[in-house]
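Quick notes on the structure that follows.
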Amino acid sequence: MTVKDMAKQIHVSEPTVRRAFRELEKEGLIYRNHGGASYLADKHNQWPLAYRSRSHLKEKTYIAQLAAAYVNDGDYIFLDSGSTCYCMAKELTNFHNLRVLSHGHPAIHVLSKNENIIVECMGGTYSPKHDATFGYEAIDFIQKRHAKLFITSGYCLNMQYGSMETFEEEVPVKKTFCENADKTILLMDTSKYGQVGYFQTLNFDQIDVIVSDQKPPEEFIHHFEAFNIEYVY
């Protein structure tokens, strides 16, 4: 992939792509060559949030709009990091008197523009690749709070393992959010169904609602019904 082609595909400047390529090379994900780069990582590695946020954007926006039906003015909400939850943050700006805790910095930035929303962020270890905060301090912060809703997304949804991730630090944060919320809503576009990640995050019995961009495969629908999971699309 050349720098020029990548810049054109994701609608950013060529210097931005070059900087991203340098960071990806440091992480061992790509090999840079003259004018471009080659992908080295296995299929379980994720691209930085800045790139993922532009992938399947139409589907993620639609999912966030559907999920907004579960939100009411005055709710306490835990909002996950990630590109789909960033779209969800934009939808939450239409509500009043919300209190939202998130470890995703782009979501925090969007929500903070609405003076009717109280936004909480947490300390911990910052990941530039994910533009989010993780670690013991973040978990401790979450454990001292309780929310009506935990709105989350994930790397993929697997029939055997549930919601999965490829970044280990995501797992304890998501689990703690889930344990301290009344209802967990999983946002998952259907391109992620049937894939497999490395780290198991949430089992099906921990998920209350799954919101997708289109009708899930029949085998997943049967699975959702077996676990009394509400699904919308």
Side-chain angles (χ1 to χ4, degrees), residues 19-20 23-24 26-29 44-53 64 67 71 74-93 95 97-156 161-188 197-203 206-208:
R19 287 194 296 271
E23 292 301 315
L24 290 170
K26 290 178 183 178
E27 296 184 31
L29 299 179
H44 299 315
N45 282 309
Q46 285 186 314
W47 286 82
L49 178 64
Y51 293 92
R52 288 185 283 120
S53 62
V71 179
D75 280 350
Y76 296 160
I77 297 172
F78 293 153
L79 182 64
D80 202 356
S81 63
S83 54
T84 309
C85 286
Y86 173 64
C87 293
M88 188 70 220
K90 295 179 180 179
E91 293 300 317
L92 293 180
T93 60
F95 292 87
N97 302 318
L98 298 180
R99 191 178 191 109
V100 183
L101 171 62
S102 180
H103 64 130
H105 290 212
I108 291 169
H109 179 69
V110 168
L111 292 166
S112 66
K113 295 179 180 179
N114 186 335
E115 61 183 16
N116 293 309
I117 298 177
I118 298 174
V119 185
E120 285 191 294
C121 54
M122 60 195 76
T125 303
Y126 175 70
S127 168
K129 179 179 177 180
H130 299 85
D131 205 358
T133 305
F134 304 96
Y136 170 77
E137 294 89 346
I139 293 170
D140 183 63
F141 194 89
I142 299 166
Q143 288 175 333
K144 296 174 182 177
R145 286 152 177 80
H146 182 85
K148 175 184 175 183
L149 302 175
F150 169 40
I151 303 176
T152 182
S153 57
Y155 175 75
C156 67
Y161 301 110
S163 176
M164 305 191 77
E165 284 295 340
T166 60
F167 182 53
E168 186 174 11
E169 295 301 315
E170 289 268 15
V171 179
V173 173
K174 289 175 185 283
K175 286 183 177 293
T176 307
F177 271 139
C178 180
E179 291 166 359
N180 289 275
D182 294 332
K183 178 179 287 188
T184 294
I185 300 175
L186 177 66
L187 314 182
M188 187 72 64
Y198 191 70
F199 299 102
Q200 185 178 17
T201 308
L202 298 176
N203 297 318
Q206 295 175 293
I207 302 168
D208 299 290

- request: Evaluate side chain to side chain contact (heavy atoms under 4.5 Å, CB included) for L202 paired with L186, printing each intermediate quantity in order.
  value: CA-CA 10 Å; L202 298 176; L186 177 66; 5.5 Å; no
message: Has E165 got a side-chain atom pairing as donor or acceptor with V171's backbone, closer than 3.5 angstrom?
response: no
- request: State whether the side chain of S163 and the backbone N or O of T201 hold a donor-acceptor pair below 3.5 Å, judged by distance alone.
  value: no
- prompt: Where is the tightest heavy-atom contact between G123 and T133, given as atom of each residue plus distance?
  reply: O-CG2, 3.2 Å
message: With a 3.5 Å distance limit and no angle check, can you tell me whether N180 reaches the backbone of T176 through a side-chain donor-acceptor pair?
response: yes
- prompt: Where do L98 and V71 land on the side chain to side chain contact (heavy atoms under 4.5 Å, CB included) test, with the steps shown first?
  reply: CA-CA 9 Å; L98 298 180; V71 179; 4.1 Å; yes
Minimal non-hydrogen separation, T84 against S153, with atom names: CB-CB, 4.0 Å
query: Atom CG of N114 and atom OG1 of T93: how far apart are they, to the nearest 0.5 Å?
result: 6.0 Å
- request: Could you list the residues that satisfy salt bridge (Lys or Arg N to Asp or Glu O under 4.0 Å) with D182, not counting sequence neighbours?
  value: none
message: Test of understanding: with side-chain contact (heavy atoms from CB on, under 4.5 Å), list the residues that count as partners of F141, not counting sequence neighbours.
response: L101, E120, M122, R145
message: Applying ring-ring contact (aromatic ring centres under 6.0 Å, His included), can you list everything that pairs with Y126, at least two apart in sequence or on another chain?
response: H105
- request: To the nearest 0.5 angstrom, please state how far the CG atom of L111 sits from the NE2 atom of H109.
  value: 10.5 Å
query: Got more than 12 heavy atoms from elsewhere within 6.0 Å of CZ, F95?
result: yes
query: Above 12 or not: heavy atoms from other molecules or residues under 6.0 Å from NZ of K175?
result: yes
query: Can you tell me if K183 uses its side chain to pair, donor with acceptor, with the backbone of I151 under 3.5 Å?
result: no
query: If you take all heavy atoms of N203 and Y161, which pair is closest and at what distance?
result: OD1-O, 4.3 Å
query: At their closest point, which heavy atom of A89 faces which heavy atom of L79, and how far apart are they?
result: CB-CD2, 3.8 Å
query: Atom NE2 of H130 and atom OG of S81: how far apart are they, to the nearest 0.5 Å?
result: 7.5 Å
- prompt: I139 and P172: which non-hydrogen atoms are nearest, and at how many Å?
  reply: CD1-CB, 3.5 Å
With sequence neighbours excluded, residues passing salt bridge (Lys or Arg N to Asp or Glu O under 4.0 Å) with K148: D75
- request: Would you give the length of the straight line joining atom CD1 of I207 to atom CD1 of I185, rounded to the nearest 0.5 angstrom?
  value: 11.5 Å
field: Point-to-point distance, once rounded to the nearest 0.5 Å, from CD1 of I108 to OH of Y86
entry: 12.5 Å
- line: Contacts of F177 meeting ring-ring contact (aromatic ring centres under 6.0 Å, His included) (sequence neighbours excluded), chain-then-number -> F78, H103, F150
message: Tell me every residue that passes side-chain contact (heavy atoms from CB on, under 4.5 Å) with E91, counting only those two or more places apart in sequence or in another chain.
response: A64, Q65, A68, M88, N94
- prompt: Does the side chain to side chain contact (heavy atoms under 4.5 Å, CB included) test come out yes or no for I142 and E179, once each step is laid out?
  reply: CA-CA 10 Å; I142 299 166; E179 291 166 359; over 6 Å; no
- prompt: Distance from Y155 atom OH to M164 atom CE, nearest 0.5 Å?
  reply: 10.0 Å
